[in-house]
Protein chains: 2
Amino acid sequence: MGRKQLWDQDEVLASAMRLFRHRGYQGASLRDIEEATGLHPGSLYRTFGNKDGLFHAALDAYNERVVQGRVRVHLLEPADPLAGIRSFFTSAVETGAEPDPGCLLTNTAVESFTLPRAAAGVHHGLAAIEGGFADALTRARHRGDTPPDLDVAATAAHLLALYQGLLVLVRAGLPRTTLHGVTDGAIASIGSLRTPRKQDDHE
Amino acid sequence: MGRKQLWDQDEVLASAMRLFRHRGYQGASLRDIEEATGLHPGSLYRTFGNKDGLFHAALDAYNERVVQGRVRVHLLEPADPLAGIRSFFTSAVETGAEPDPGCLLTNTAVESFTLPRAAAGVHHGLAAIEGGFADALTRARHRGDTPPDLDVAATAAHLLALYQGLLVLVRAGLPRTTLHGVTDGAIASIGSLRTPRKQDDHE
DNA sequence: TCCGTAGTTGAACGATTGCTCACAAAAATA
DNA sequence: TATTTTTGTGAGCAATCGTTCAACTACGGA
């Protein structure tokens, strides 16, 4: 039934997410996309409908592959949860072979005010990271690596914000020493959020 | 000699920075700019050269007026520095009359990878915020509100990252309770970064 | 009052945008 | 082999992009 598809969807989505992370949604033209993915407009519109469709497919793939992959490797699997959290932060700074730093999720969160449909994907990815932190913190507490009354949920949200902030500073091009200092601070601050005896008695 | 300028430069830059914060540099067309500022293309190009020139003028004005104004009011002037830091964070969440949240500095830091010329302005603004944190923390330490061996520089960088992360989460549209939780965590984490006896003996 | 100068206006330019579609190429079915 | 069905190709569309510029308007000095 018909001709075989000549291109691999995973490869196309991988180049697309790289391009969108580098240039942003609005900054990536269809000519850029054609050059990056090798896909001609016809095939692209046949498969993804329009530019929006490709972007959302790329964002979903980024969540499933990159984000959840990193969460698993650094936050869910390591035997030493705090060391995992540290490497999760460090790996955002030391991008290695990848020439351009940053995170499609962070960039889209900032740009998504113009793209309301992207908000769901952003929430999903952020929740995955926050959940990973919460899992690692829970395990760290059981191991006795944190105070026993650690407020896991609050600390997870705290680390999520810190991580997103680190990615902003990475993208801004701040020096490595500053960025590693932020990582050190993230780890050092983990013990400081305890569950209060009474809630809502501040102010 | 010659005709008087009919428009106020401060007002034009104020509308421009509002538009750029909302839509981003690439997302704001010159027709949008014309509508937002009331400036026709001729006047715009006579005064600012091109779209880039207007953007950098708006970013500089944002740094000088909004950022430094907020730093002064919340971080430099308050008699209670820690309360000032808290209100600095809170005011980023409770935008009040302004309908669209976020910060032009954060957004530009993320987008600026495509706009290398904007990097200097971003660095300048980030340094102003970090400096404000450092000033407030130093005063808090002298008042005895923090541990005496607080690592002021590291904590200032820590708060800068946390603040940028908060602005990403604000932009992503996370619920207010989560965002206020981040603020609480920021304040609670301040005491946790002390100056080590020996430096560089980690790892 | 007339002229030189600075500022305003908006039509219009070439380039680029997201997107369409007629046609060619390959695989499955007959 | 002929036909049907799916996919690849890329020229080209209308719309919009950033930008220019010639005509016009107001003000100061002579």
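Proteins come first, then strands; the chains are lettered A, B, ... in the order of their sequence lines, and each starts at number 1.
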For this session: Please state how far atom CH2 in A:Trp7 lies from atom C1' in D:dT7, giving the value in whole angstrom units.
Result: 10 Å
Seminar exercise, completed: Residues at least two apart in sequence or cross-chain that pass side chain to side chain contact (heavy atoms under 4.5 Å, CB included) with A:Arg46, listed by chain then number, are none
Exercise. Who passes ring pair (Phe, Tyr, Trp, His ring centres under 6.0 Å) against A:Tyr62, sequence neighbours left out?
Worked result: none
Seminar exercise, completed: Here the salt bridge (Lys or Arg N to Asp or Glu O under 4.0 Å) pairs for residues 26-35 of chain B, sequence neighbours left out, are none
Exercise. Which of residues 39-48 of chain B sit near DNA chain D, with a heavy atom under 4.0 Å from it?
Worked result: B:Pro41, B:Gly42, B:Tyr45
Exercise. Salt bridge check: are B:Asp149 and B:Arg141 linked by an N-O gap of less than 4.0 Å?
Worked result: no
Problem set entry | Between P of C:dT8 and CD of B:Gln9, the distance in whole Å | 11 Å
For this session: To the nearest Å, give me how far apart CD (A:Gln5) and C1' (D:dG8) are.
Result: 10 Å
Seminar exercise, completed: Checking C:dC19, D:dT7, D:dT19 against the side chain of B:Asn50 (C-beta onward), the nearest is D:dT19
Problem set entry | ring pair (Phe, Tyr, Trp, His ring centres under 6.0 Å) partners for B:His22, two or more places apart | A:Phe113
Exercise. Taking only residues two or more places apart in sequence, or in another chain, which ones meet B:Arg171 in a side chain to side chain donor-acceptor pair (under 3.5 Å)?
Worked result: none
For this session: Using ring pair (Phe, Tyr, Trp, His ring centres under 6.0 Å) as the criterion, list what pairs up with B:Tyr25, not counting sequence neighbours.
Result: B:Phe55
For this session: With a 4.0 Å heavy-atom cut-off, tell me which residues in residues 14-36 of chain A come close to DNA chain D, sorted by residue number.
Result: A:Arg31
Problem set entry | B/S/- contact track for nucleotides 22-30 of chain D, protein heavy atom under 4.0 Å | ---BBBS--
Seminar exercise, completed: Across all chains, not counting sequence neighbours, the side chain to side chain contact (heavy atoms under 4.5 Å, CB included) partners of A:His180 are A:Thr90, A:Val93, A:Glu94, A:Arg176
Exercise. Under the side chain to side chain donor-acceptor pair (under 3.5 Å) test, which residues partner B:Arg194, sequence neighbours left out?
Worked result: none
Can you list, pair by pair, the side-chain donor-acceptor contacts under 3.5 Å of residues 73-85 of chain A, counting residues two or more places apart and other chains?
residue, atom, partner, partner atom, Å
A:His74, ND1, A:Ser87, OG, 2.8
A:Asp80, OD1, A:Leu82, N, 3.3
A:Asp80, OD1, A:Ala83, N, 3.3

